[in-house]
Amino acid sequence: MQQLRNLGRRKLRTSLTILGITIGIWALVVFGSMANKINALVAGGSQFYEGKVTVSAKGAGMGFGSPVDISAGDRVASMGGVDVVVPGVSMLLADEASSMSMSMPQMIRGQVADADRGRETFPMSYASGRALTPADEGSNVAVLGSDIARQHDTKVGDTITLHGEPFQVVGILEPTLTAPDTTVVVPLEAAQRLYVKTLPPLVAAELDPATLATGFTVYPKPGTDPETIATEIRATAPDLEPVTAKDFNSQIGSATSILNSILVGIALISLAVGGLSVINTMAMSVAERTREIGIKRAIGGGRLRIVRELVTESALIGFLGGATGLVLGAVLVTVVNEAGRSSGTVLFQLTTGTALTAVGFSTVLGALAGLIPAMHAARLDPVAALRYE
Amino acid sequence: MTATALLEGRNLRKTYRLGRRTTVEALRGVDVRIDRGEMVAIMGPSGSGKSTLMHILGLLHSPDANHGPRPELSFGGQDMVNLGEGERTKIRAREMGFVFQDFNLVPTLTAIENVMLACDYAGIRGAPARALAAEALALVDLADRADHRPAELSGGEQQRVAIARALVNKPSLILADEPTGNLDSERSAEVLGLLRRFNQEHGQTFILVTHDPDVAAACDRVIRVRDGRIRDQSLSAVPQPLDLEAREAVA
């Protein structure tokens, strides 16, 4: 192919230009994969909060923290439009909060199995083992999220130690890309007991584990907007903090969209630089080949033909740069993900869409960058071009 | 002998603009007729307008139409003045062949690929193009150099490749701008003999721009251009060492 040979004419210059595109696409792939992962977490979270109101004790944030009396749930249940209220206890899995992490904190969550009376819509499927049942109340059994099972290298039938107590693993979840992956689900009674253990002894002595909850999951009656219930809880129960899917989206969603824009922005800036360097390279190529273009025009090469040859050449630069950037980006993403997997920190998610977009984008960018010098070349007067020194 | 005109031009003028105020009148109204099968030399000192005339006859430039008498140019009986750039490019590709003084070839392509480029522009591709190109290279005695790049060929060989490229589509007209300008006299004679052979064996029309009297001597007719006008269209094949001023004075 003639265009490949043309690329070989100035190997250093062509390589540097391809490298420019490579860096841009590499950044796009890596940052794009990071944005994908964040978006998947957020989308999962959004789905997780969908169709219900997640209520926690005030000041505790999203579903874990300080306790309230389980009777607070009855107050919520008496509100209009409320169908089912499920009390739950959530706490951090680790004894102390570990260092800052991009991923979800690992949690223990306890609630009575099937207490939602079939209202939960978030899909859970089991990689192995079984779900908890109401009959498990009173025994130390646990269902592990996929990340936790992998990190602890645990199978169904193994024993896992939670806050000093041994629990038998009865089920392991499929990955969901969101909170359940980093959650251990235990019976409510066990969670209440573990929770008290995490408190300072003086505080713990005052509490009856059996009346303890850190939050409630509230399912509205069909046709009732969860927002309505959230509004009523805000107005009448100052000790409770409701979170709906809408709240989640506005809190987390807006933060992540800013982060996404920054990540993609960095990648686009490096691509703009790469694109300019393609224009520069092609403009220099055209200048060097002015006489050659003059010959081609003189012996009957049409303008469109000249444009097509040069645009193909620059598209090839874009494609080669994009493909190299994709490969390097994919290598980095895979290596970092594998390294982070053991600690449960999977930072990137490289999708086929991102890969195809990256290479397609770089090819189109290359073609467009070549278009300006190519049009210039096609407009050259053949006679003047022949005389060009 | 009734010769038919291949090219006929009237009132051909061309003014080039150099910068904002300076203009150069390269051709100041020229009438010219080239018959089929002729081998014509266009001679003149540099700056005389001989190259401009060739560029207009070769459809690389259009004659000026915006001042003076309306220009006319026909090629094979067809009007050329009002054709668009795309049409003229097509005619150049299919019905004309070009040989230039130097840097004639595309450096990344082999000899045969350079020749095939002309086939490609004329709409012939693939195996037929390769066969035609091989044939054309054989005609200029370069069959064994087909896969060499221009850098691996001597100047004379490069010029012969260019001639093969000009001939490959069997055009009715071949225009050559100083085809022997960069060659020593031996190579020069070789290239000239080649052109003459095609002119005689295939009846193709040749227009050669030159300032070499030996080249002019090999042609049927010499058109002498000076100051943008045709001074003389000698039908004699004998080169005349001319003193144009003296001749003008006589006239």
Side-chain angles (χ1 to χ4, degrees), chain A residues 1-15 17 281-282 284-314 316-317 320 370 373-389, chain B residues 14 16 18 26 51-52 54-56 58-62 84-110 113-124 149-151 161-162 164-169 171 174-178:
Chain A
M1 190 176 173
Q2 208 198 119
Q3 275 77 18
L4 267 178
R5 263 190 252 168
N6 279 335
L7 290 183
R9 282 198 205 182
R10 294 268 189 241
K11 289 192 181 62
L12 179 65
R13 189 177 69 198
T14 307
S15 314
T17 308
T281 296
M282 291 310 293
M284 284 170 76
S285 295
V286 165
E288 280 169 4
R289 290 182 222 162
T290 300
R291 297 182 73 165
E292 185 183 319
I293 291 164
I295 292 280
K296 286 183 172 175
R297 292 278 291 119
I299 68 166
R303 286 185 166 155
L304 206 63
R305 181 67 191 264
I306 303 290
V307 169
R308 206 174 63 204
E309 284 176 7
L310 289 167
V311 165
T312 308
E313 194 175 320
S314 66
L316 211 55
I317 290 180
L320 288 175
M375 306 254 275
H376 170 73
R379 274 199 295 266
L380 286 173
D381 170 24
V383 172
L386 278 168
R387 292 209 183 112
Y388 184 87
E389 294 295 331
Chain B
K14 188 81 185 173
Y16 291 111
L18 301 174
S51 292
T52 306
M54 187 206 114
H55 295 148
I56 289 178
L59 307 183
L60 290 165
H61 277 167
S62 298
E85 173 57 31
E87 286 297 315
R88 289 192 288 143
T89 302
K90 216 173 268 178
I91 292 174
R92 286 204 303 273
R94 288 164 202 260
E95 292 174 50
M96 294 182 180
F98 290 86
V99 182
F100 298 97
Q101 183 172 356
D102 52 13
F103 194 76
N104 247 313
L105 305 175
V106 178
T108 46
L109 301 181
T110 62
E113 286 168 336
N114 265 288
V115 178
M116 286 167 70
L117 196 59
C119 300
D120 189 349
Y121 291 154
I124 305 160
R149 299 266 178 100
V161 174
R165 186 183 61 197
L167 293 170
V168 70
N169 293 320
I174 289 129
L175 300 109
D177 191 355
E178 303 279 9

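Proteins get letters first, then strands, A, B, ... in listed order; numbering begins at 1 in each.
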Is it the case that the side chain of B:Arg92 and the backbone of A:Arg297 share a donor-acceptor pair, with hydrogens and angles ignored and the cut-off at 3.5 Å? yes

Counting a contact as any heavy-atom pair under 4.5 Å apart, which residues of residues 376-384 of chain A contact chain B? A:Asp381, A:Pro382, A:Val383

What part of B:Arg94 gets closer than 4.5 Å to chain A, counting heavy atoms only: side chain, backbone, both or neither? neither

Report the residues that fulfil salt bridge (Lys or Arg N to Asp or Glu O under 4.0 Å) with A:Arg10, sequence neighbours left out, ordered by chain and then residue number. A:Glu288

So which bits of residues 300-307 of chain A come within less than 4.5 Å of chain B, counting non-hydrogen atoms only? A:Gly300, A:Gly301, A:Gly302, A:Arg303, A:Arg305

Any idea which heavy atoms bring A:Arg5 and B:Thr108 closest together, and the distance? NH1-O, 2.6 Å

Measure the CG-CG distance between A:Leu386 and B:Leu60 for me, rounded to the nearest 0.5 Å. 7.5 Å

Please enumerate all residues that pass salt bridge (Lys or Arg N to Asp or Glu O under 4.0 Å) together with A:Arg9, with sequence neighbours excluded. A:Glu292

Max heavy-atom pair count under 4.5 Å with chain A, selected residue of B:Lys90, B:Arg165, B:Arg88, B:Met96: B:Arg165

Of all heavy-atom pairs linking A:Ala298 and B:Phe100, the shortest is CB-CZ, 3.7 Å

Would you mind checking which part of B:Ile91 comes under 4.5 Å of any heavy atom in chain A, side chain (CB onward), backbone (N, CA, C, O), both or neither? neither

